[in-house]
Amino acid sequence: MTEKYTPQTAEPHWREQWKAQDIFRALPPAEAGDAPKAYILEMFPYPSGKAHMGHVRNYSMGDVVARHKRAKGYNVLHPMGWDAFGMPAENAAMERGTHPGKWTYANIDHMRGQLSTLGLSLDWSREFATCDPEYYGLQQAAFLKFLDKGMITRKSAKVNWDPVDMTVLANEQVIDGKGWRSGADVVQKELTQWFFKITDYADSLLEDLNTLERWPEKVRTMQANWIGRSEGLQMRFEFAASVPLSHEDGIEIFTTRPDTLFGASFVALSPDHPLTIELAKQNPDLEAFRKTCAAIGTSEEAIEKADKLGFDTGLRVKHPFDEDKTLPVWIANFVLMGYGTGAIFGCPAHDQRDIDFARKYGLDVQPVVLPDGEDAATYNVADTAYTGEGKLFNSGFLDGLSKDDGIPAAIKKIEEMGLGQGTVNYRLRDWGISRQRYWGCPIPIIKCPKCDMVPVPEADLPVVLPEDVSFDVPGNPLDRHPTWKNVTCPKCGGEAERETDTLDTFVDSSWYYARFAAGVNNDPEEAAYWMPVDQYVGGVEHAILHLLYARFFSRAMRDAGILDLPSGEPFAGLFTQGMITHETYKSEDGNWLSPDEVSEKDGALFHIESGKPATRGAIEKMSKSKKNTVDPTAIIESYGADVARWFVLSDSPPERDVEWTQAGAEGAARFVKRVWAVFDTLSQAPRDGKPSGDKAALALRRVSHKATAGIDKAIEEFRFNSAVATIHEWVGALKKAESGGEELLYARFEGAYMLARCLTPFMPHLAESCWAAIDGKGLVSVAKWPDIDQDLLVENEVTLPVQVNGKRRGEIIVAKDISKEDAEAKALAEPSVVTFIDGKPVKKIIVVPGRIVNIVI
RNA sequence: GCCUCUGUGGCGGAAUUGGUAGACGCGACGGAUUCAAAAUCCGUUUCUGGCGACGGAGUGCCGGUUCGAGUCCGGCCAGAGGUACCA
């Protein structure tokens with residue numbers, strides 16, 4: 001041992017070197033030469049205050065990919081910025097009286113400091129925050145372009161309204177129907193709001209999922225289901241008797257199961273259907289029913305999980321195929337206004353929600369699909385709807401048809417009758433972007449009593465948020481700001497008001513990747529060069545909303561002529577990572593305790609400070625409220641950034657959750673020492689050598705070359721935990737080879753020379769120190785990935801397991817290319833196998849070359 | 001509720017295309033070193049029967065396909081993520 005490795009001094013040293021030599025700056029297209037480009041991006045953080053271990057994991061993974069690409073000769077863009085608008089800043093303003101901007105920028109400064117200690121190979125020159133006026137000004141310009149191109153519309157939508165705080169609440173701020181601060185009953189309020197017409201892109205967003213080969217299958221499936229394209233029938237049920245209503249023609253419904261029309265037993269309207277509203281004006285009981293439904297909430301989850309509620313309007317409609325039959329019209333809380341026409345027909349026998357409803361309110365249940373093997377005379381449906389395949393019966397002209405044939409037949413008939421037509425429907429709704437909040441991007445619109453909605457002239461952009469606001473009074477400060485709000489109309493010069501709503505923060509994160517790509521000069525050509533992102537990395541919780549919005553926005557930017565991206569797809573490769581979890585503890589009185597406030601004595605847990613008993617809770621996602629967060633800074637200070645990085649990349653596969661443990665961190669620290677010990681003994685090692693016949697040397701060289709190939713592949717396939725395991729084995733092999741002949745020592749040096757470079761993506765600081773210890777040229781962070789001798793990867797002998805009736809009974813060592821016959825013969829001669837065959841006749845022998853021999857008796 | 005995913009030793013997990021289940025790490029246990037400890041190094045470690053040789057069982061549960069299933073199919077159970085105003 002010559003020198004001890006101390007991360008506390010080595011890590012800052014190397015970071016200074018990287019900074020001084022500016023090695024992580026992406027080259028402009030003109031300087032890149034033949035190097036292919038690689039745009040590596042991790043989802044940028046919300047500056048909530050402190051970086052957490054989830055950030056460490058996310059950015060460590062991205063950094064592995066970025067550093068690996070760089071070593072493979074790519075021109076890499078790996079930027080970082082801040083998703084800086086959002087509710088927590090306003091909450092902080094209300095709680096502490098600071099300005100949201102001040103709070104946000106202070107957080108950014110702190111978190112930038114934390115992230116920079118991780119040794120990430122980031123190009124900081126492109127950094128921005130979405131709350132920078134330069135950024136949101138461009139966003140406002142894009143908004144106006146979209147408006148001009150007809151991609152934006154205004155319509156009414158519901159919000160959660162807190163009548164005490166006089167403010168709009170997010171769904172997560174509504175707890176059991178009450179406002180989180182005021183505790184008041186939340187009511188629903190209709191507001192006219194701005195919408196991006198994402199539904200115009202529904203087909204493109206759905207179809208192009210097929211082109212995203214480097215996206216996880218599950219994300220594509222989730223998005224496809226979210227878009228929810230379904231072919232069906234939109235048709236009218238005519239009223240049985242004429243009614244004094246504006247909807248005198250009847251009720252338009254949408255169905256995906258027109259084949260079951262003969263099983264219809266009711267028609268149901270959404271509580272928000274225009275007809276419902278009209279009827280409620282004449283009927284106080286119905287109005288009361290609507291209020292009951294509204295109290296359930298606006299989230300899909302709340303509506304779907306609520307008990308089925310119905311209200312009989314007393315109206316009746318005609319069955320389209322049976323003149324003698326009429327159906328009752330109900331209002332039902334499970335019918336969503338946002339989907340289809342806001343009205344359905346109910347076929348209880350073949351739809352679970354319909355049967356729940358029918359059983360509750362005593363409505364008819366008429367089966368019309370007969371499962372195979374059932375008797376038409378006796379078949380019935382109890383409380384579980386039958387949704388499977390079968391033959392239609394009790395269905396007039398549809399009798400005997402399958403579901404797939406019955407659907408077009410029913411549609412054809414309805415079309416001939418002039419009652420409706422086959423249509424395509426989407427679950428996807430337009431994207432509501434208006435928020436009644438201060439800390440967001442102002443919508444660049446001026447509301448003029450004469451000219452209506454007037455875009456802010458381009459020369460007046462950005463519309464900057466006013467600084468002089470207070471949060472003493474609830475509600476949106478923009479709404480009561482005297483000078484900012486009141487302006488003159490750019491069109492007529494008359495008195496007018498600004499739109500005081502701001503944009504949904506999802507808008508900010510829907511195009512930041514393009515802003516990074518465009519570089520400091522916001523050059524469209526540079527954006528075209530870097531786009532699309534080659535590898536995007538982030539949490540799986542964004543699988544639907546953020547990723548769908550970003551896919552929409554890049555298409556909209558393309559079609560508005562803002563971004564040159566023919567495919568419209570922003571992310572060519574996507575990886576979704578799991579969360580970091582940690583153990584939780586609770587005190588006697590049920591309060592959360594941080595794990596280091598708890599100790600164990602004689603098998604019992606207790607709170608150190610009070611001495612009172614404590615209990616261990618579940619292992620959960622790290623969160624402040626559960627007091628189970630681990631501060632990355634403390635870890636970095638005591639163990640070094642490499643240890644933190646190594647830990648979050650070890651053990652768990654990247655897509656799965658990983659539990660933070662103290663023991664795991666210590667294990668990582670121990671490994672750093674082991675690696676250093678290998679390099680520390682190499683200063684005297686021979687630098688030159690030749691491949692030779694020395695057995696031990698050859699074996700070690702095989703290990704090194706195989707490991708390098710394995711790590712290379714593992715990184716490309718996002719199996720960092722496998723790469724870590726391989727590095728462990730490799731270091732173990734190098735360590736064992738400490739003494740030996742000249743040839744072995746050379747093989748050891750060669751291995752170390754390769755290892756330093758393979759280690760760089762994972763533990764870049766340690767790798768630099770190792771590289772320096774063996775006189776590597778320059779910085780290892782810019783060294784090329786090691787070359788591999790392919791000959792060393794091939795084994796010529798393999799061990800084949802031999803099974804008898806599928807159970808492993810022995811093994812044989814054979815040449816790699818042994819013939820089936822020889823393998824059979826050798827397997828049959830193996831003594832342990834012979835015992836099990838026990839003289840019985842062999843029925844069959846399966847030989848899978850290079851894999852296995854199975855003898856069936 | 002609905003959509004998606006996950007489930008393997010004491011723990012995190014590995015297992016290529018259906019082909020030796022438990023790589024690698026953590027922990028635990030035993031040993032070496034040490035006056036002692038820390039650190040380090042070596043060994044054992046799925047459960048179970050057996051002194052042993054060697055068996056039996058085993059990848060959330062129930063069933064199926066196959067020469068062969070952690071992997072494929074059907075049905076359950078449990079947990080996680082999303083559910084359109086958290087980011």
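Each chain gets a letter, A, B and so on, in the order the sequences are listed, and its residues count up from 1. Worth saying up front: this structure is predicted, and the values here are computed from it rather than measured.
- Residues A:Val643 and A:Ala665 come closest through the heavy atom pair CG1-O, 3.5 Å.
- The C1' atoms of B:G43 and B:U48 are separated by 23 Å, rounded to the nearest whole Å.
- For A:Lys305, the side-chain atoms get nearest to B:G1 when compared with the rest of B:G81, B:A87, B:G1.
- Applying the 3.5 Å distance criterion, the base of B:C85 shares a donor-acceptor pair with the side chain of A:Gln436.
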Show the atom names and distances, to 0.1 Å, of all donor-acceptor pairs under 3.5 Å that link a side chain in residues 799-812 of chain A to residues at least two apart or in another chain.
{"from": "A:Asn805", "atom 1": "OD1", "to": "A:Ile857", "atom 2": "N", "distance (Å)": "3.0"}
{"from": "A:Arg808", "atom 1": "NH2", "to": "A:Glu811", "atom 2": "OE1", "distance (Å)": "2.9"}

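- For A:Asp504, the salt bridge (Lys or Arg N to Asp or Glu O under 4.0 Å) partners at least two apart in sequence or on another chain are A:Arg435.
- Taking a cutoff of 4.0 Å between a charged side-chain nitrogen and a carboxylate oxygen, A:Lys820 and A:Glu824 do not qualify as a salt bridge.
- For A:Arg435, taking side-chain heavy atoms from C-beta onward, the closest of the listed nucleotides B:A84, B:C85, B:A15 is B:C85.
- Comparing atom distances between the A:Thr221 side chain and each of B:U20, B:A84, B:U4 picks out B:U4 as nearest.
- The ring-ring contact (aromatic ring centres under 6.0 Å, His included) test applied to A:Trp194 returns A:Phe143, not counting sequence neighbours.
- Take A:Thr387 and apply the side-chain hydrogen bond (donor to acceptor under 3.5 Å, both in side chains) test, not counting sequence neighbours, and it matches no residue.
- With P as the reference atom, B:C5 and B:C26 are 34 Å apart, rounded to whole Å.
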Grab the N/O contacts between the protein and nucleotides 38-47 of chain B below 3.5 Å, and write none if there aren't any.
{"from": "B:C41", "atom 1": "OP1", "to": "A:Arg674", "atom 2": "NH1", "distance (Å)": "2.8"}

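- Ring to ring, A:Phe575 and A:Tyr536 are not that close: their centroids are 6.0 angstrom or more apart.
- A:Phe506 meets the ring-ring contact (aromatic ring centres under 6.0 Å, His included) test with A:Tyr549; sequence neighbours excluded.
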Checklist entry - How does RNA chain B look in dot-bracket notation if pairs are Watson-Crick or G-U with both distances under 3.5 Å, crossing ones as [ ], other-strand ones as |? => result (((((((..(((......[....)))((((((.......))))))((((....))))..(((((..]....))))))))))))....
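- Under the salt bridge (Lys or Arg N to Asp or Glu O under 4.0 Å) criterion, A:Lys218 pairs with no residue, sequence neighbours left out.
- Within the 4.0 Å cut-off from OP1 or OP2 of B:G13, at least one side-chain nitrogen or oxygen of A:Ser652 is found.
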Checklist entry - Just by protein heavy atoms under 4.0 Å, how would nucleotides 56-77 of chain B read 5' to 3' in B, S and -? => result SS---------BS---------
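- RNA chain B is contacted by both A:Asp504 and A:Glu217; A:Glu217 maps to the nucleotide lying nearer its 5′ end (nearest heavy atom per residue).
- Applying the side-chain hydrogen bond (donor to acceptor under 3.5 Å, both in side chains) rule to pairs touching residues 841-857 of chain A yields nothing, sequence neighbours excluded.
- Remark: A:Asn721, A:Ala725, A:His728, A:Glu729 in residues 720-729 of chain A come within less than 4.0 Å of RNA chain B through at least one heavy atom.
- Phosphate proximity of B:C3 to A:Arg427: absent, as no side-chain N or O sits under 4.0 Å from OP1 or OP2.
- B:C47 sits 14 Å from B:G22 when the P atoms are compared, rounded to a whole Å.
- One donor-acceptor pair, N or O on each side, does fall under 3.5 Å between the base of B:G1 and the side chain of A:Glu300.
- Side-chain atoms of A:Trp82 and A:Thr130 form no donor-acceptor pair, as typed in the model, at a separation below 3.5 Å.
- Look at the C1' atom in both B:U8 and B:C24: the space between them is 15 Å, to the nearest Å.
- Between the P atom of B:G19 and the CD atom of A:Glu811 lies a distance of 18 Å, rounded to the nearest Å.
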For residues 165-175 of chain A, which side-chain N or O atoms pair as donor and acceptor with protein atoms under 3.5 Å away, sequence neighbours left out?
{"from": "A:Asn171", "atom 1": "OD1", "to": "A:Asn160", "atom 2": "ND2", "distance (Å)": "3.0"}
{"from": "A:Asn171", "atom 1": "OD1", "to": "A:Thr298", "atom 2": "OG1", "distance (Å)": "2.9"}
{"from": "A:Gln173", "atom 1": "OE1", "to": "A:Ala170", "atom 2": "N", "distance (Å)": "2.8"}

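- Between A:Phe85 and A:Tyr136, the two ring planes are tilted [angle within 30° to 60°].
- The local environment of NZ in A:Lys155 is crowded, with over 12 non-hydrogen atoms from other residues, nucleotides or ligands closer than 6.0 Å.
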